[in-house]
Amino acid sequence: MYALVDCNNFYVSCERVFAPQLEGRPVVVLSNNDGCLISRSQEAKDLGLKMGEPYHLVRPLLEQHRVQVFSSNYALYGDMSRRVVQVLSGLAAGVDVYSIDEAFLDVSGMKLLEPDLLAYGQRVHETLKKHTGIPTCVGIAPTKTLAKLANRLAPKTGPVRTVTLATAADWEPALAQVPVGSIWGVGRRYARKLTDMGIGTGLELARLPEHWLRRHLGGVVGQRLWRELHGQPCLEWNPAEWDDDQLQPNTASRHSVTCTRSFGRPQHQEAVLAEAVATFATRAAEKLRRYGQAAHLVTVLLGTDRFAPTAGPKTHTAVISLPTSTNDTGMLIKAALQGLRQLRRPGVAYHRAGVLFTGLEPEGQAQLGLFSGSAADQQRSQQLMQAMDGLNARFGRQLVRSAAMGVAKNVDGLLQKPVWGGRAAHRSPRYTTGWDELWQLR
DNA sequence: TCTGGGGTCCTAGGACCC
DNA sequence: TCTGGGGTCCTAGGACCC
């Protein structure tokens with residue numbers, strides 16, 4: 001049995017933990033660059049505000065209804081997410097962290113009957129609310145896909161926030177009451193295709209023959225979906241692990257690491273683009289080291305206006321292959337800048353840029369390349385990275401950095417925003433992760 | 001002036017190997 | 001009359017997820 005724990009309106013809920021006066025009021029959180037709505041409180045949903053809606057289009061409506069607006073604050077959300085997972089790890093034999101705001105629990109070992117599973121789900125919900133302040137819903141079923149369905153049907157208000165679907169007699173009526181597009185694994189395209197054929201509900205989908213899903217819904221992906229809907233687990237269990245009492249998220253097997261950003265305004269100058277690309281390479285390299293990985297392929301990406309009516313591709317990429325895999329910031333910046341020089345066309349205004357690392361392997365496992373320097377060089381690089389990461393962790397992310405990222409001016413002890421930097425007009429303080437921004441009680 | 005970012009998996013086809 | 005079988009690796013594209 002799996003329990004899916006999903007945080008309600010997660011980013012909004014994080015903001016409300018530190019601004020409880022916003023309880024009951026409409027609140028939204030914007031994407032990077034204050035671009036779109038990516039989290040909405042129930043009151044904001046009730047106003048008809050949609051997920052992903054461009055901020056500049058709904059701004060008048062937001063002002064009219066006095067909606068509280070936040071820029072995204074990933075330092076805060078990431079830390080709150082970590083706390084949620086920590087609490088969950090004390091409540092189940094295993095935790096599979098699926099995203100920043102949801103996790104599956106292994107509850108098969110509980111060997112409890114349905115009423116007890118319901119009580120268990122309630123205990124999870126109540127413990128999380130008490131220890132982190134985040135409201136959640138819990139769905140329990142024999143497969144991940146059915147647990148998702150159960151979670152979706154769990155009430156978001158009132159005392160009971162758990163739904164269990166233990167047997168076919170439970171999940172068949174549940175499938176009958178949801179549109180096919182709300183089933184996990186059925187996206188917009190498949191939903192359209194299915195409804196055009198007269199398949200409207202989850203149950204109608206489940207009643208199609210297994211081979212039909214294999215043929216028409218992405219091959220083995222569709223076949224797995226069919227089995228999951230019939231109570232046969234087909235999706236992998238990917239547990240988070242504990243290492244020196246520290247939670248290691250289940251990301252060791254990831255295949256890529258990226259950092260991309262839209263600019264506050266379009267940029268065409270080589271020097272500005274280079275500073276941005278160096279910054280993204282630095283961030284991505286930090287992620288690589290955090291998870292003990294190294295990369296041997298560096299992709300640089302430059303994007304023009306995605307919404308321009310002109311034909312042709314809006315994103316251009318260049319791939320640089322390294323002789324050996326590395327997670328050394330200096331080497332990765334060098335490769336990224338080489339890619340940038342190949343890509344950039346003079347006079348073209350770029351709206352976004354990014355760096356993508358692939359060809360990942362565990363660090364230290366890399367073969368010594370013929371032209372990649374000696375083992376002593378590699379050891380020096382490792383020591384340097386460790387020293388940099390240590391200093392930056394202790395004194396702030398930007399304390400020691402490559403000159404390629406640019407030399408920002410210091411204004412009142414704060415680093416000035418780079419020229420390519422995006423908008424974030426409504427960001428809340430980093431209450432739990434920044435010494436200068438701690439929550440103050442008087 | 002104005003529309004996010006970070007991932008996963010699968011399939012098909014081509015190049016190349018023995 | 002008419003060109004095997006089995007395999008790997010890579011890329012591009014398409015679908016999906018939050």
Side-chain angles (χ1 to χ4, degrees), chain A residues 4-11 28-39 50-60 62 71-74 77-78 81 96-104 144-145 148 151-152 181-194 213-225 228 234-236 238 249-251 253-266 280 283-284 287-288 291 296-297 299 301 303-309 313-315 317 319 321 349 351-360 422-425:
Chain A
L4 173 62
V5 182
D6 191 315
C7 301
N8 301 339
N9 321 324
F10 183 57
Y11 299 167
V28 298
V29 175
L30 305 177
S31 65
N32 253 322
N33 215 10
D34 291 349
C36 303
L37 274 52
I38 52 168
S39 183
K50 301 261 159 38
M51 176 71 180
E53 210 152 19
Y55 175 47
H56 73 270
L57 292 183
V58 292
R59 207 166 161 170
L62 297 176
S71 302
S72 39
N73 183 350
Y74 287 102
Y77 312 148
S81 174
D96 180 339
V97 181
Y98 179 67
S99 76
I100 194 165
D101 71 341
E102 31 182 317
F104 291 97
K144 286 183 164 184
T145 307
K148 275 284 221 185
N151 187 290
R152 186 175 189 276
S182 71
I183 300 293
W184 197 37
V186 179
R188 259 217 302 276
R189 303 296 275 261
Y190 289 163
R192 179 80 207 275
K193 179 164 158 178
L194 289 163
L213 271 81
R214 178 170 179 124
R215 177 125 174 73
H216 295 103
L217 253 48
V220 297
V221 179
Q223 190 169 13
R224 275 189 208 132
L225 173 60
E228 284 263 323
C234 288
L235 299 176
E236 251 184 82
N238 241 295
N250 36 359
T251 46
S253 62
R254 62 152 61 145
H255 294 114
S256 66
V257 168
T258 97
C259 182
T260 87
R261 289 284 179 280
S262 294
F263 301 138
R265 57 190 65 239
F280 303 152
R283 291 263 178 286
K287 281 191 215 173
L288 224 42
Y291 298 119
H296 77 264
L297 290 172
T299 301
L301 149 182
T304 54
D305 184 3
R306 284 189 296 159
F307 300 93
K314 306 290 203 277
T315 305
T317 57
V319 185
S321 179
H351 289 236
R352 44 194 271 274
V355 172
L356 166 70
F357 296 148
T358 49
L360 304 189
R423 283 175 295 273

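Labels below follow one simple rule: chain letters A, B, ... track the order of the sequence lines, proteins then strands, and each chain is numbered from 1. Below, each value reflects all heavy atoms present in this structure, side chains not excepted, and no hydrogens, waters or symmetry copies.
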So if I take residues 258-265 of chain A and measure heavy-atom distances to DNA chain B, which residues fall below 4.0 Å?
A:Thr258, A:Cys259, A:Thr260, A:Arg261, A:Ser262
Quickly work out the A:Arg283 CZ to B:dG6 C1' distance and round it to whole Å.
15 Å
Contacts of A:Leu297 that satisfy side chain to side chain contact (heavy atoms under 4.5 Å, CB included) - sequence neighbours left out:
A:Val319, A:Ser321, A:Thr358
With rounding to whole Å, what would you report as the distance between B:dT3 and C:dC18 at their P atoms?
25 Å
Taking CG from A:Asn33 and P from B:dG5, how many angstroms apart are they, rounded to a whole number?
7 Å
Gap between atoms CG and P, on A:Asn32 and B:dC2 respectively (whole Å)
17 Å
On DNA chain B, compare the nucleotides closest to A:Gly219 and A:Arg306; which residue's is nearer the 5' end?
A:Arg306
Evaluate the side-chain contact (heavy atoms from CB on, under 4.5 Å) criterion for residues A:His56 and A:Asp34: first the C-alpha distance (whole Å), next the side-chain angles of each, then the deciding distance (0.1 Å), finally the verdict.
CA-CA 9 Å; A:His56 73 270; A:Asp34 291 349; over 6 Å; no
Out of the candidates A:Glu228, A:Arg215, A:Arg214, only one should pair with A:Gln223 under the side-chain hydrogen bond (donor to acceptor under 3.5 Å, both in side chains) rule; please name it.
A:Arg214
Taking Watson-Crick and G-U wobble contacts under 3.5 angstrom, with | marking pairs to another strand and [ ] crossing pairs, the secondary structure of DNA chain B is written ....||||||||||||||
side-chain contact (heavy atoms from CB on, under 4.5 Å) assessment of A:Met51 paired with A:Leu37
CA-CA 6 Å; A:Met51 176 71 180; A:Leu37 274 52; over 6 Å; no
Of the non-hydrogen atoms in A:Ser262 and A:Asn33, which two are nearest, and what is the gap between them?
CB-ND2, 3.5 Å
Atom-pair distance (OH on A:Tyr74; C1' on B:dG6), nearest Å
9 Å
Would you classify A:Lys193 as touching base, sugar-phosphate or nothing, given that sugar-phosphate means primed atoms plus P, OP1 and OP2, and contacts are heavy atoms under 4.0 Å?
nothing
Once you round it to whole Å, what is the distance between C1' of B:dT3 and CG of A:Leu37?
11 Å
So A:Val186 and A:Leu225, do their side chains get closer than 4.5 Å, heavy atoms only?
yes
What do the steps show when you test A:Trp184 against A:Asn151 for side-chain contact (heavy atoms from CB on, under 4.5 Å), and what is the final call?
CA-CA 11 Å; A:Trp184 197 37; A:Asn151 187 290; over 6 Å; no
Between A:Arg224 and A:Leu57, just flag the one whose closest nucleotide in DNA chain B comes earlier from the 5' side.
A:Leu57
Less than 4.5 Å apart, any side-chain heavy atom of A:Thr145 and any of A:Leu235?
yes
Using the six-membered ring wherever Trp is involved, compare the ring planes of A:Tyr11 and A:Tyr77 and label them parallel, tilted or perpendicular (cut-offs 30° and 60°).
parallel
Which residues share a side-chain hydrogen bond (donor to acceptor under 3.5 Å, both in side chains) with A:Ser256, sequence neighbours left out
none
Between A:Leu62 and A:Tyr55, is the side-chain contact (heavy atoms from CB on, under 4.5 Å) condition met? List the steps.
CA-CA 9 Å; A:Leu62 297 176; A:Tyr55 175 47; 3.5 Å; yes
Contact class for A:Ser256 (heavy atom, under 4.0 Å): base, sugar-phosphate, or nothing?
sugar-phosphate
Can you measure A:Glu53 atom CD to B:dC2 atom P for me and round it to whole angstrom units?
19 Å
From CD1 of A:Ile38 over to C1' of B:dT3, roughly how many Å is that when rounded to an integer?
13 Å
Qualifying residues under side chain to side chain contact (heavy atoms under 4.5 Å, CB included), relative to A:Thr304, sequence neighbours excluded
A:Lys314, A:Val348, A:Tyr350
How does protein contact run along nucleotides 7-18 of chain C, one letter per nucleotide 5' to 3', with B for base contact, S for sugar-phosphate only, - for none, heavy atoms under 4.0 Å?
--------SSSS
Integer-rounded Å distance: B:dC2 C1' and A:Arg423 CZ
6 Å
